[in-house]
Amino acid sequence: MPDGKPAGERCLHLDEENRCGLFGRPERPAVCSAFSADADVCGESRAQALHVLGWLEQATSVAVSRSIR
Ligand code: SF4
């Protein structure tokens with residue numbers, strides 16, 4: 001994804017089995033390669049991981065506002 005993956009959007013490199021299509025390839029983003037699975041983030045299931053990641057995205061998001069003139 002040339003401009004990065006927006007929060008809340010599914011990465012276009014995920015395959016139908018939720019595996020990274022770039023795993024092991026040089027074009028895989030450095031941030032993805034540097035991430036190590038951790039129980040604090042991933043929990044014990046996909047559902048727990050989505051819950052924690054959703055909370056992290058919301059807690060670290062920046063509000064975008066439009067100025068009205
Ligand atoms: S590891 Fe990175 S590139 Fe691969 S599917 Fe996940 S977000 Fe996409």
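Numbering of ligands and ligand atoms starts at 1, following listing order. Numbers for residues simply follow the sequence, beginning at 1.
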Query raised in the report: Counting no waters, how many protein N/O/S atoms sit under 2.8 Å from atom 8 (Fe) of ligand 1?
Result: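 Of the protein's nitrogen, oxygen and sulfur atoms, 1 lie under 2.8 Å from atom 8 (Fe) of ligand 1.
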Can you give the donor-acceptor pairs under 3.5 Å from side chains of residues 2-9 to other protein atoms, not counting sequence neighbours?
residue	atom	partner	partner atom	Å
K5	NZ	E9	O	2.9

Query - Remaining members of hydrophobic cluster (4.5 Å side-chain criterion), L50 - result: none
Query raised in the report: Linking I/L/V/M/F/W/Y whenever their side-chain heavy atoms sit closer than 4.5 Å, directly or via other members, would F35 and V31 fall into one cluster?
Result: no
Query raised in the report: Got a sec: does the CZ of R10 have more than 12 other heavy atoms crowding it under 6.0 Å?
Result: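 Above 12, so yes.
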Query raised in the report: Heavy atoms of the protein only: does one fall short of 4.0 Å from atom 6 (Fe) of ligand 1?
Result: no
**Report entry** Minimal non-hydrogen separation, M1 against C11, with atom names
**Finding:** SD-CA, 3.9 Å
Query raised in the report: Does D38 have any side chain to side chain donor-acceptor pair (under 3.5 Å) partners at least two apart in sequence or in another chain, and if so, which?
Result: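 D38 satisfies side chain to side chain donor-acceptor pair (under 3.5 Å) with no residue once adjacent residues are dropped.
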